[in-house]
Number of protein chains: 2
Amino acid sequence: MAGRKSKRDEPCPVARGVDLVGERWALLIVRDAFDGVRRFGDFQRSLGVARNILADRLRLLVEDGILACQPASDGSAYQEYVLTAKGQDLFPLIVALRRWGELHLFAPGEAHSVLVRRDSGETLGARELALRTADGRELSAAELQVRKVPGRAPR
Amino acid sequence: MAGRKSKRDEPCPVARGVDLVGERWALLIVRDAFDGVRRFGDFQRSLGVARNILADRLRLLVEDGILACQPASDGSAYQEYVLTAKGQDLFPLIVALRRWGELHLFAPGEAHSVLVRRDSGETLGARELALRTADGRELSAAELQVRKVPGRAPR
DNA sequence: CCGTATCCATTCCGATACTG
DNA sequence: CAGTATCGGAATGGATACGG
């Protein structure tokens, strides 16, 4: 008579998204995957998560098409986990979370990891990581609004 | 000897962010707040969450400085919950999640809520909701990289 | 209408032992 | 090294009753 309620059928993309990646480990695993981590043990050491939990989360992410499970790349007889196209599309989400964290979750001057350009090494701070229209103007919450699906029950 | 481990001291802004808003209800409450929801009962009906859980999450979000608890705006003798500046800065995160959901979590042609411009009513689809540099070019994962904090134990 | 308090089931998580 | 199995404790979530 308890337990979580699935939002897989909600008409709001945010709600469905939370259902898949709104869990404490999912986004951190994806973050590590963007960082180049592929092996079970490397995820485990990087995250400090219990192995059973990690195995379960990896399985779920593969089920949801966010990670793919490949036989191996080096000689190892084991699996490696890489981002699918769907998983790679989570990049802006990770960046948005990073930006918010940089802005609000560190004391002034406190050190944190940063995004840099792979070629030039140039650091991208919060200013450069904004949500913009094609003409480079920042999108603000004030000018936007959600239009709900008409023919749906309110809940 | 179990329970969750806090990531409040991690040097990665993503990890710290997950610690605050990486929970099943937090982002949905924030989403509703962007939608103009302010009252306890309205959150409750919109989310379908148990009242004790909602009260707890609202309290946490206020503690974390994401929501502010104001005495009232109409005559009601009760509270209302509005986004602080820190909370409003979560907008790009919500949008990124929405974009990903729109792209990957709906069947072709399936209806979902959309973002529209408040003035013109123009719909903003996934194409318009990208992460861009100031000159309007999309930022891709391939060209970026995370530089970790040097003087930290790998954990 | 707005919350708080309590109860119970389920889920989550960490530690550890175990198998290949 | 890469997982699986199991256990106990903690957190989560839903229902409901209660008081302001």
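Per chain, numbering begins at 1; letters A, B, ... match sequence-line order.
Listed nucleotides: D:dG14, C:dG3, C:dC13. Nearest to the side chain of B:Gln79: C:dG3.
A:Leu47 places its CG atom 16 Å from the C1' atom of D:dG3, with the value rounded to the nearest Å. With rounding to whole Å, B:Gln70 atom CD is found 15 Å from C:dC2 atom P. Rounded to whole Å, atom P of D:dG3 lies 12 Å from atom CZ of A:Arg45. Summarising the geometry, the separation between CZ on B:Phe40 and P on D:dG19 is reported as 18 Å, rounded to the nearest angstrom. Rounding to whole angstrom units, CZ of residue A:Arg4 and P of D:dA11 are separated by 18 Å. Atom P of nucleotide C:dG14 and atom CH2 of A:Trp25 are separated by 5 Å, given to the nearest angstrom. Summarising the geometry, the separation between CZ on A:Arg39 and C1' on D:dA2 is reported as 8 Å, rounded to the nearest angstrom. Residue B:Glu80 contributes atom CD, which lies 14 Å from atom C1' of C:dC1 at whole-angstrom precision.
Taking the side-chain contact (heavy atoms from CB on, under 4.5 Å) definition, one finds that B:Glu80 meets it with B:Arg38, B:Arg39, B:Gln70, B:Ser73, B:Val82, sequence neighbours left out. Contacts of A:Thr123 classified as side-chain hydrogen bond (donor to acceptor under 3.5 Å, both in side chains), with partners at least two apart in sequence or in another chain: B:Arg147. In this structure, B:Arg24 has no side-chain hydrogen bond (donor to acceptor under 3.5 Å, both in side chains) partners at least two apart in sequence or on a different chain. The side-chain contact (heavy atoms from CB on, under 4.5 Å) search around B:Ala85 returns none, not counting sequence neighbours. Looking at residues two or more places apart in sequence or on another chain, you find a side-chain contact (heavy atoms from CB on, under 4.5 Å) between B:Leu131 and A:Pro92, A:Val95, B:Leu139. Under the side-chain hydrogen bond (donor to acceptor under 3.5 Å, both in side chains) criterion, A:Arg59 pairs with A:Asp56, A:Glu63, not counting sequence neighbours. Judged as a side-chain hydrogen bond (donor to acceptor under 3.5 Å, both in side chains), and not counting sequence neighbours, the contacts of B:Asp35 are A:Lys148.
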Between the protein and nucleotides 18-20 of chain C, are there any N/O to N/O pairs under 3.5 Å, and if so, what are the atom names and distances?
| unit_1 | atom_1 | unit_2 | atom_2 | d |
| --- | --- | --- | --- | --- |
| C:dG20 | N2 | A:Tyr78 | OH | 3.0 |

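Taking 4.0 angstrom as the limit, B:Tyr81 places none of its side-chain polar atoms (N or O) nearer than this to OP1 or OP2 of C:dC2.
Applying the 4.5 Å side-chain rule to ILVMFWY residues, one finds that B:Leu103 remains a lone member of its cluster. With a 4.5 Å cut-off between side-chain heavy atoms of Ile, Leu, Val, Met, Phe, Trp and Tyr, the cluster of B:Val114 takes in B:Val116.
In this structure, B:Asp32 CG and B:Phe43 CZ are separated by 6.0 Å, a value rounded to the nearest 0.5 Å.
Contacts between residues 55-66 of chain B and DNA chain C, defined by a heavy-atom separation under 4.0 Å, are made by B:Ala55.
With hydrogens and angles ignored, no donor-acceptor pair under 3.5 angstrom links the side chain of A:Asn52 to the base of D:dG3.
A donor and an acceptor atom, one from each side chain of A:Arg98 and A:Ser113, are located under 3.5 Å apart.
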Quick one: the dot-bracket string of DNA chain D, using Watson-Crick and G-U wobble pairs with both distances under 3.5 Å, [ ] for crossing pairs and | for bases paired to another strand.
||||||||||||||||||.|
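Within the 4.0 angstrom heavy-atom criterion, no nucleotide atom of any strand lies near A:Gln44.
Taking both residues in full, the closest heavy atoms of A:Leu83 and A:Ala33 are given as CG-CB, 3.7 Å, listed atom of the first, atom of the second, then distance.
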